[in-house]
**Student:** 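First, the structure itself, so that you have it in front of you.
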There are 2 protein chains.
Amino acid sequence: MFAAVAEAGGINKAARHLNTVQSNVTQRIRLLEQELGLPLFHRHSRGVTLTGAGAELLPYAQKIGHLIAEAKRAATDGPVPAGRLCLGSLETTTALRLPPILTAYAGTYGEVDIELRTGTTAELLDAVLGRRIEGAFVAGPLDHPELAAETIVTERLVLVTEPKIASFDHFAAAARGREVKIIVFRAGCSYREIFERFLAGRGLGPIRRLELGTLDGIIGCVGAGIGVTLLPRAVAAAGAARGQIALHEIAMPEMRVETLFVRRRDAFVSSALARFIDCAKARGGAAADPAAVPMATARAAKRAARGG
Amino acid sequence: MFAAVAEAGGINKAARHLNTVQSNVTQRIRLLEQELGLPLFHRHSRGVTLTGAGAELLPYAQKIGHLIAEAKRAATDGPVPAGRLCLGSLETTTALRLPPILTAYAGTYGEVDIELRTGTTAELLDAVLGRRIEGAFVAGPLDHPELAAETIVTERLVLVTEPKIASFDHFAAAARGREVKIIVFRAGCSYREIFERFLAGRGLGPIRRLELGTLDGIIGCVGAGIGVTLLPRAVAAAGAARGQIALHEIAMPEMRVETLFVRRRDAFVSSALARFIDCAKARGGAAADPAAVPMATARAAKRAARGG
DNA sequence: TCTAGTTATCTCTAATTCAGATAACATCGT
DNA sequence: ACGATGTTATCTGAATTAGAGATAACTAGA
């Protein structure tokens with residue numbers, strides 16, 4: 001309750017947030033101050049601010065609160081995954097990599113309710129650090145002392161064009177000085193940033209953007225010559241094998257991107273989360289291919305994508 | 001309360017330890033189990049033992065308990081040292097090094113109640129790790145991830161004999177095959193172990209031991225030819241300067257001993273403890289010399305000891 | 001001056017905690 | 001076999017505490 005008041009900046013706001021009334025919060029803060037023998041807040045007309053002693057106490061209160069919540073989770077967690085699992089993922093990863101992972105996981109562990117939110121790498125890392133989600137797929141590389149990361153897949157981005165473009169040089173020649181339309185998943189997609197920097201560095205452009213929500217939509221539009229895109233090779237390979245699109249390797253280090261799964265190092269790993277990470281590592285390489293039936297054929301789809 | 005029951009191994013014992021009655025503890029454990037929806041203990045006629053879920057919960061409960069205690073200390077701790085300071089020290093250190101530190105500290109910070117317990121290095125480390133004391137003087141070297149250590153003094157042990165023994169070789173010649181009487185502070189004194197290993201390694205002995213509780217007692221006995229001892233050079237130097245005893249250097253790495261002050265790395269450092277560490281580092285080199293008046297002359301005593 | 005925001009305090013009810021007494025059970029030693 | 005001694009579970013009434021509402025007092029800003 002003390003932590004809630006400190007974080008809300010006022011007893012009233014904290015009371016609303018705690019689903020109780022102001023008088024109650026006031027009383028209990030008063031009792032706490034009495035027990036410690038010193039004031040924890042300065043009261044003024046716009047709320048409260050911490051005193052020195054209060055500032056000393058706050059990190060302990062927060063840690064204690066987190067530990068209590070985590071203790072409950074750890075104690076009630078059984079060997080068989082169950083309960084709610086809150087995860088985060090990049091838009092791109094959600095569309096390209098998550099479907100086979102989720103279908104396999106949901107099929108095996110039906111007792112788990114998965115809650116997924118999408119965001120940028122920065123947003124997701126913040127959510128993980130703030131314990132709002134248990135883990136997230138983000139773009140690497142990453143080095144943070146409080147986070148544990150596992151590489152799910154390392155992929156090579158290739159330029160995807162309509163089939164009649166024979167090589168990257170053809171594309172560059174055609175695009176020089178002319179408008180380039182790029183097709184991306186959504187704003188904030190990390191591939192898009194890489195793509196735009198790449199084009200700008202080559203003096204290609206200006207750029208126009210077209211946003212599409214599905215992988216086959218993007219491949220279809222690219223195949224029809226509406227624009228170009230940047231996709232992991234394995235993801236686009238099936239389309240290329242069907243002659244729908246053409247792939248062009250780009251020899252730049254930025255074209256190697258890795259997808260990581262991150263979680264707080266000090267947080268409890270529920271069995272639901274542990275099995276999810278297993279699942280993600282096992283099936284991370286398999287892309288969502290519209291032609292592939294999810295469950296049993298995920299492995300076959302992966303082989304096909306690589307071979308093609 | 002849960003943690004107390006788990007640690008005591010029974011509800012009854014825990015109740016006594018918590019200054020309450022058994023029915024109360026039973027009730028609250030029952031409520032906790034009800035809240036979590038699973039049993040935490042197996043009940044049997046000799047008390048209780050943890051279930052799997054209980055074992056998961058215990059470390060959290062302990063951590064939470066420690067954090068609550070520490071939060072109180074951190075919040076109520078002011079910039080001016082006050083309250084109780086629980087420390088530990090080796091017997092030898094207590095006798096040789098602590099007096100000037102304690103008198104200086106007690107003189108400056110009169111509001112602090114110091115509680116001191118003595119023990120071996122292993123006992124003291126265990127007490128620090130178990131949070132029963134805030135810090136302790138122990139013998140180095142030490143490498144433990146949960147402990148922070150500061151070197152208080154590095155000293156060189158010398159053989160102390162009656163004045164008429166001219167050199168170590170004289171002593172060795174006289175002692176070979178004959179009984180050697182060594183004078184030590186108490187069983188468990190780390191100097192004693194070093195000394196006995198050293199004598200055994202040289203084939204000297206057999207050994208007889210005489211225990212004395214004070215430094216000047218030891219020096220007096222050695223001076224009277226009753227036996228020999230091993231002391232830090234700085235400690236024995238004043239006696240040697242007065243011609244009471246003779247010192248003999250021994251060129252062995254084991255004769256370098258360091259005294260460390262250790263504390264838990266993750267524990268809150270009260271201002272009382274912080275100032276004590278300052279004080280110990282500043283005055284750690286000064287030995288307790290019976291001729292020196294503690295307070296103001298501690299520095300002078302140190303100079304004299306070094307110079308002699 | 002009035003309004004909208006804040007915290008402090010009082011009061012009454014409901015919930016919880018506490019301590020004691022008792023019951024039920026197992027273990028050990030005679 | 002039986003009692004002594006230990007254990008936990010349960011019931012009960014008193015004491016304590018938490019909870020919610022109403023009101024007061026205060027401040028900043030319009």
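What you see is a predicted model; the values in this text were computed from it and never measured. Convention: sequence-line order gives letters A, B, ...; per-chain numbering from 1.
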**Student:** Starting from C1' on D:dT17, measure out to CG on A:Leu32 and report it in whole angstrom.
**Tutor:**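 That distance rounds to 16 Å.
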
**Student:** Want to settle it: does B:His44 or A:Met1 sit nearer the 5' end of DNA chain D, counting the closest nucleotide to each?
**Tutor:**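 So the residue in question is B:His44.
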
**Student:** From the options D:dG19, C:dT27, C:dC18, select the nucleotide whose nearest atom is closest to the side chain of B:Arg28.
**Tutor:**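 Selected nucleotide (nearest to the side chain): C:dC18.
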
**Student:** Starting at CG of B:Leu50 and ending at P of D:dT8, how long is that distance when rounded to a whole Å?
**Tutor:**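 My rounded result for the distance is 13 Å.
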
**Student:** Quick one: do A:Glu70 and A:Arg131 make a salt bridge, cutoff under 4.0 Å?
**Tutor:**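 Answer for the salt bridge query: yes.
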
**Student:** Whole angstrom is fine here: how far is it from CZ in A:Arg43 over to C1' in C:dT9?
**Tutor:**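 A:Arg43 atom CZ is separated from C:dT9 atom C1' by 13 Å.
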
**Student:** Using atom NE2 of A:His42 as one end and atom P of D:dT27 as the other, report the distance to the nearest whole Å.
**Tutor:**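 Checked: the NE2 to P distance equals 16 Å.
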
**Student:** Over how many whole Å does the gap from A:Phe2 atom CZ to C:dT7 atom C1' extend?
**Tutor:**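 These atoms are roughly 17 Å apart.
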
**Student:** Just to be sure I understand the geometry, which residues of residues 11-25 of chain B put a non-hydrogen atom under 4.0 Å away from DNA chain C?
**Tutor:**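 Contacting residues: B:Thr20, B:Val21, B:Ser23, B:Asn24.
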
**Student:** Could you check whether A:Arg264 pairs with A:Glu146 (Lys NZ or Arg NE/NH1/NH2 to Asp/Glu carboxylate O, under 4.0 Å)?
**Tutor:**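 Counted as a salt bridge, because a side-chain N and a carboxylate O are separated by less than 4.0 Å.
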
**Student:** Between A:Glu123 and A:Arg117, does at least one N-O distance fall below 4.0 Å, as a salt bridge requires?
**Tutor:**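 Judged by the 4.0 Å cut-off on N to carboxylate O distance, A:Glu123 and A:Arg117 do not form a salt bridge.
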
**Student:** Grab the CD-P distance between B:Gln34 and D:dA9 for me, whole Å please.
**Tutor:**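 So the CD-P distance, B:Gln34 to D:dA9, works out to 13 Å.
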
**Student:** For the pair B:Phe2 and B:Phe41, name the ring-plane relationship: parallel under 30°, tilted 30 to 60°, perpendicular over 60°.
**Tutor:**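 Correct class here is tilted.
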
**Student:** Within the 3.5 Å criterion, strictly below it, is a donor on A:Ser23 or A:Gln27 matched to an acceptor on the partner's side chain?
**Tutor:**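 No, no side-chain donor-acceptor contact under 3.5 Å.
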
**Student:** Looking at five pairs on each end of the helix from C:dT1-D:dA30 to C:dT30-D:dA1, what is the angle between the two axes, given to 10 degrees?
**Tutor:**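 Here the local axes at opposite ends form an angle of 20°.
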
**Student:** Of the candidate nucleotides D:dT8, D:dA18, C:dT27, which contains the atom at the shortest distance from the side chain of A:Leu31?
**Tutor:**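 Looking only at heavy atoms from C-beta outward on A:Leu31, the closest nucleotide is D:dA18.
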
**Student:** Could you go through the side chain to side chain contact (heavy atoms under 4.5 Å, CB included) check for A:Lys281 and A:Ile101 one step at a time?
**Tutor:** CA-CA 9 Å; A:Lys281 283 167 77 173; A:Ile101 298 173; over 6 Å; no

**Student:** Side chains of A:Thr94 and A:Ser89: any donor to acceptor distance under 3.5 Å?
**Tutor:**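 Checked: A:Ser89/A:Thr94 side chains pair up, N/O donor to acceptor below 3.5 Å.
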
**Student:** Listing request: all salt bridge (charged side-chain N to carboxylate O under 4.0 Å, His left out) pairs with a residue in residues 34-60 of chain A, at least two apart in sequence or in separate chains.
**Tutor:**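 Only A:Glu33-A:Arg43, A:Glu35-B:Lys72 qualify under salt bridge (charged side-chain N to carboxylate O under 4.0 Å, His left out).
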
**Student:** Going by the angle between their ring planes, with limits at 30° and 60°, are B:Tyr105 and B:Phe276 parallel, tilted or perpendicular?
**Tutor:**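 Judged by the thresholds at 30° and 60°, the geometry between B:Tyr105 and B:Phe276 is perpendicular.
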
**Student:** For D:dA28 and A:Arg46 - does any side-chain N or O of the residue sit under 4.0 Å from the phosphate oxygens OP1/OP2?
**Tutor:**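 No, because none of the side-chain N or O atoms of A:Arg46 sits under 4.0 Å from OP1 or OP2 of D:dA28.
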
**Student:** B:Glu33 has an atom CD; how far is it from atom C1' of D:dT10, in whole Å?
**Tutor:**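 In whole Å, D:dT10 C1' and B:Glu33 CD are 15 Å from each other.
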
**Student:** Measure from CD on B:Gln27 to P on C:dA19 and round the result to the nearest Å.
**Tutor:**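 Those two atoms, CD and P, are 13 Å apart.
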
